[in-house]
Amino acid sequence: MKLKPQLQALVSNALKRLVEENLLPEIDLPDINIDRTRQKEHGDFSCNIAMLLAKHVRCAPRDLAKLILDRLSAVGIVNKVELAGPGFINFFLTDEPLYQAIRDVISEGSEFGRTDIGVGQKVIVEFVSANPTGPLHVGHGRSAAYGDALARLLRAAGYQVCTEYYVNDAGRQMNILAVSVWLRYLELCGEEMDFPVNAYQGDYVWDIAASLHRSQGDALYRKISDVFVGVPPDEPLGGDRESHIDGLIERAQKLLADDYARVFDQGLNEITDNIRRDLVEFGVEFDRWFSERSLHNSGEMEKAIQTLESGGYLYEKDGAKWFRSTDFGDEKDRVIVRDNGQSTYFASDIAYHLDKLDRGFDRLIDVWGADHHGYVARVKAALQALNADRDRFEVLLVQFAVLYRGGKKLAMSTRSGEFVTLRELRSEVGNDAARFFYVMRKCEQHMDFDLDLARSRSSENPVYYVQYAHARICSVMVQLSEKKLKLANPADAKLELLTEQHEKDLMNELSRYPEVIEWAATNHEPHQIAYYLRELANGFHSYYNASQFLVEDKGLRDARLALIQATRQVLANGLGLLGVSAPESM
RNA sequence: GCCCCGGUAGCUCAGCUGGAUAGAGCAGCCGCCUCCUAAGCGGCAGGUCGGACGUUCGAAUCGUCUCCGGGGCACCA
């Protein structure tokens, strides 16, 4: 059984006795905090309940602590209890829980650390969901690494987790991509033009146009003079970039008619495939890719709008249909159907989140880029209007990652095609370093991503530190067999032979792992795992430097090997949660 | 102007929902390989926790104000 709940029960029982003895009034007891201590002199765990209650019962904290302390019943794992400082109750434990941790790791293996706080709860985690208008860049990479680690963490905490990528395969941006592809295609056919400012400029557009040209030949060719007929001028000619590109979309749809879908789908499919491959190579696989278009086709979009309409939450203004989101705390009302009859992205977003709720998820978690924070209020507003519990919906905003190379900041912009892609990052620094670096920072923290540091295969690089600990342990086991020695069943090891301080410290770290998972999962903070792993690795490296594992004494040797085997297991489990490999040699 | 995020050691960041003397990595300095991988270990040095006021027995943590940096405020996605 877990340690903290045991100690909580102990304190809780003592408080009940005080109430029975009329030394404490019957009040609502606050949660009893049991914390790991920072310093050894304070024992293993401490409780601050006396200080929290002192004021309510008008009693000096230390006096109250003494009363509680005197009523704590004796429990096997508690060696000693002390009253300390302004009123802390400090628990000193026996070594038994430490040994138990090792036995647990050995018997549970890759399952060690799992907790049950999420059992029975279905949660969907949506992340990345980048528009299929270009390759993933390093910003998406952070969302991918974070979202994936979060999903793994929630699973480890017992939640039933579904991961999903929402594909924006409808809407204006996709039309802009289609036009960009088609214009490049026309250029491949020999036409010349001023490429629109607002079109996608990246080289990948050429690639898509080229494959279109290979498969379709000149079938999609139209005279360039026809294309630009009646289209408002582009920005460089004194016009407006938005109306210019919208005009081109209209012309393309008219001139290509049914063939427009070919161009559109070529762009969509090629980029989506590319994104999917990128993510798979990065170690991120989604349970489902959810198509925005499917919401249009299934009628869910229309249904969502209807529901809002009949609830009286919509009104017409300037030819558009508005949602009264200000009624639910948003700053201003939002358009959901434009005056040209097109529904907005917001409209499909409402339908999408409604769909998630219909699928029976208890909690919806969305991981968005920080630049989307303005959308949180309106989506919550919509869900509330539709009688959904808005608190079941949670958005985690991932702040930007800024790349540095040679101490210089790298500029990025999707539209202009100037960005570092996730693929480039991975090939430069490797998957492991990329994922570890991404996940080392809490998501709401702006991140400076130092490429030189991530790339360096040296001691400066934090990811190797943890991996090295794992590899070192594997290497010890290799040495063991080279010496023709064998480890008996580690479960039978005489752990009481582990008396050195480094050994106790390391065992203590191992016993802490399930608590770290629980904390990290409830707070959606995978970075806690990264920090924990660093501390665990540090505990091991110190031990390694101080003691020899492969000693003559078989009993001691087996005990030490059981300890480092357990350490290896927990390192592997933790790295696995972050999507980082645990190499057997380096 | 309004909203979100950040401001902690030279640099990059943790800091367990308000606790005991604020931590780590890197950079700097000093030590440690006849010994299971030195991608390691130990030590030294380094901080007005942006600032002010407030709440509290107790504040890096909570509240208000303020300064600085990033982002967002579309009939774009």
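Within every chain, numbering begins at 1; the chains are lettered A, B, ... in the order of the sequence lines, protein sequences first and strands thereafter.
- Within 4.0 Å (heavy atoms only), A:Asn90 reaches at least one base atom of the nucleic acid.
- Contact annotation: A:Tyr465 side-chain N/O to B:C41 OP1/OP2 distance is under 4.0 Å.
- Nucleotides B:C49 and B:A22 place their C1' atoms 8 Å apart, quoted to the nearest Å.
- Atom OG1 of A:Thr522 is separated from atom CG of A:Leu154 by 9.5 Å, given to the nearest 0.5 angstrom.
- Residue A:Phe45 contributes atom CZ, which lies 17 Å from atom C1' of B:A20 at whole-angstrom precision.
- Rounded to whole Å, atom C1' of B:G25 lies 5 Å from atom CZ of A:Arg534.
- Across all strands shown, A:Arg334 has no heavy atoms under 4.0 Å from either base or sugar-phosphate atoms.
- With centres under 5.5 Å and a plane angle under 30°, the ring of A:Phe88 is stacked against the base of B:A20.
- One atom, CZ of A:Phe437, and another, C1' of B:C13, lie 12 Å apart when rounded to the nearest Å.
- Of the two residues contacting RNA chain B, namely A:Ser542 and A:Gly171, the nearest-nucleotide position lying further toward the 5' end is that of A:Ser542.
- Anti is the conformation of B:U66, whose glycosidic angle sits further than 90° from 0.
- By the salt bridge (charged side-chain N to carboxylate O under 4.0 Å, His left out) test, A:Arg472 pairs with no residue at all, sequence neighbours left out.
- Taking atom C1' on both B:C16 and B:C4, the two are 25 Å apart, rounded to the nearest angstrom.
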Could you go through the ring pair (Phe, Tyr, Trp, His ring centres under 6.0 Å) check for A:Phe88 and A:His42 one step at a time?
CA-CA 9 Å; A:Phe88 289 103; A:His42 297 149; 7.3 Å; no
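- Nucleotide B:C36 is matched to nothing when pairs are restricted to Watson-Crick or G-U wobble geometry with both distances under 3.5 angstrom.
- Within the structure, a side-chain polar atom (N or O) of A:Asn538 is placed less than 4.0 Å from OP1 or OP2 of B:C41.
- Taking the O4'-C1'-N9-C4 or O4'-C1'-N1-C2 dihedral as appropriate, B:C41 has a value more than 90° from 0 and is therefore anti.
- Across the C1' atoms, B:G69 and B:G50 are found 11 Å apart, a figure rounded to whole Å.
- Using a 4.0 Å heavy-atom cutoff across all strands shown, A:Lys442 reaches sugar-phosphate atoms only and no base atom.
- Heavy-atom distances to RNA chain B give each of A:Ser46 and A:Gly374 a nearest nucleotide, and the one nearer the 5′ end belongs to A:Ser46.
- Considering only side-chain atoms of A:Thr37, the nucleotide from B:A20, B:C75, B:C36 that sits closest is B:A20.
- Within the shown strands, B:C73 is the pairing partner of B:G1 under the Watson-Crick or G-U definition, both distances less than 3.5 Å.
- Residue contacts for A:Lys4: at a heavy-atom cut-off of 4.0 Å it reaches no nucleic acid atom on any strand shown.
- When the P atom is used for both B:G18 and B:A59, the distance is 13 Å, rounded to whole Å.
- Comparing B:A60 with B:C2, their C1' atoms are spaced 28 Å from each other, to the whole Å.
- Side-chain proximity of A:Asp448 to B:A20, B:C75, B:U12: nearest is B:U12.
- Look at B:G28: its Watson-Crick or wobble partner, with both distances under 3.5 angstrom, is B:C44.
- Between atom OG of residue A:Ser542 and atom CD of residue A:Gln501 there is a gap of 11.5 Å, rounded to the nearest 0.5 Å.
- Across all strands shown, A:His373 has heavy atoms under 4.0 Å from base atoms, whether or not it also approaches the sugar-phosphate.
- Residue A:Arg560 places none of its side-chain N or O atoms closer than 4.0 Å to OP1 or OP2 of B:C36.
- Atom CZ of residue A:Phe290 and atom CG of residue A:Leu295 lie 4.0 Å apart, to the nearest 0.5 angstrom.
- With B:C5, B:A39, B:U12 as the candidates, the nucleotide lying closest to the side chain of A:Gln399 is B:C5.
- Dashed line: the shortest gap from a side-chain N or O of A:Gln528 to OP1 or OP2 of B:G15 is under 4.0 Å.
- Remark: C1' of B:G15 and CG of A:Asn523 are 13 Å apart, rounded to the nearest angstrom.
- A distance of about 16 Å separates the P atoms of B:C62 and B:U8, rounded to the whole Å.
- Among the protein residues, A:His527 comes within range of the sugar-phosphate backbone only, with heavy atoms under 4.0 Å from sugar or phosphate atoms but none that close to a base.
- Using cut-offs of 30° and 60° for the angle between ring planes, the A:Tyr352 and A:Tyr166 rings count as parallel.
- A straight line from CE of A:Met51 to P of B:G58 spans 12 Å, rounded to a whole angstrom.
- Between A:Tyr146 and A:Phe127, the ring centre distance reaches or exceeds 6.0 Å.
- The distance from atom NE2 of A:His541 to atom P of B:A38 is 10 Å, rounded to the nearest whole Å.
- When each of B:C36, B:A20, B:U17 is scored by its nearest atom to the side-chain atoms of A:Trp519, the top-ranked nucleotide is B:U17.
- Taken from CD1 in A:Ile176 to OG1 in A:Thr133, the straight-line distance is 9.0 Å, to the nearest 0.5 Å.
- In this structure, the CG atom of A:Asp330 is 14 Å from the C1' atom of B:C4, given to the nearest Å.
- Across all strands, A:Asn48 comes closer than 4.0 Å to base atoms (heavy-atom distances).
- With a cut-off of 3.5 Å on both pairing distances, the Watson-Crick or G-U wobble partner of B:U64 is B:A52.
- When heavy atoms are screened at a 4.0 angstrom cut-off, A:Ser547 is found touching base atoms of the nucleic acid.
- Across all strands shown, A:Asn340 has no heavy atoms under 4.0 Å from either base or sugar-phosphate atoms.
- Among residues two or more places apart in sequence or in another chain, the ring pair (Phe, Tyr, Trp, His ring centres under 6.0 Å) test is passed with A:Tyr532 by A:Tyr513.
- Using a 4.0 Å heavy-atom distance criterion, A:Asp339 is classed as a base contact.
- If you check every strand for non-hydrogen atoms under 4.0 Å, A:Phe400 touches sugar and phosphate atoms only.
- Taking every side-chain heavy atom of A:Glu41 into account, B:U21 is the closest of B:U21, B:A74, B:C13.
- As rounded to whole Å, 15 Å separates atom P of B:G40 from atom CD1 of A:Ile473.
- Contacts of A:Glu331 with the nucleic acid, taken as non-hydrogen atoms under 4.0 Å apart, involve only primed sugar atoms and P, OP1 or OP2.
- Close to B:G70, at under 4.0 Å from its OP1 or OP2, lies no side-chain N or O of A:Gln445.
- In this structure, A:His42 packs face-to-face on the six-membered ring of B:A20, meeting both the 5.5 Å centre cutoff and the 30° plane limit.
- Shown here, B:C16 forms no base pair; nothing in the strands shown gives a Watson-Crick or G-U wobble contact with both key distances under 3.5 Å.
- As judged by a 4.0 angstrom heavy-atom cut-off over every strand, A:Ala469 is placed among residues making no nucleic acid contact.
- The closest side-chain heavy-atom distance from A:Asp330 to A:Lys380 is not below 4.5 Å.
- At a threshold of 4.0 angstrom between heavy atoms, the contacts of A:Ser475 include nucleobase atoms, whether or not backbone atoms are also involved.
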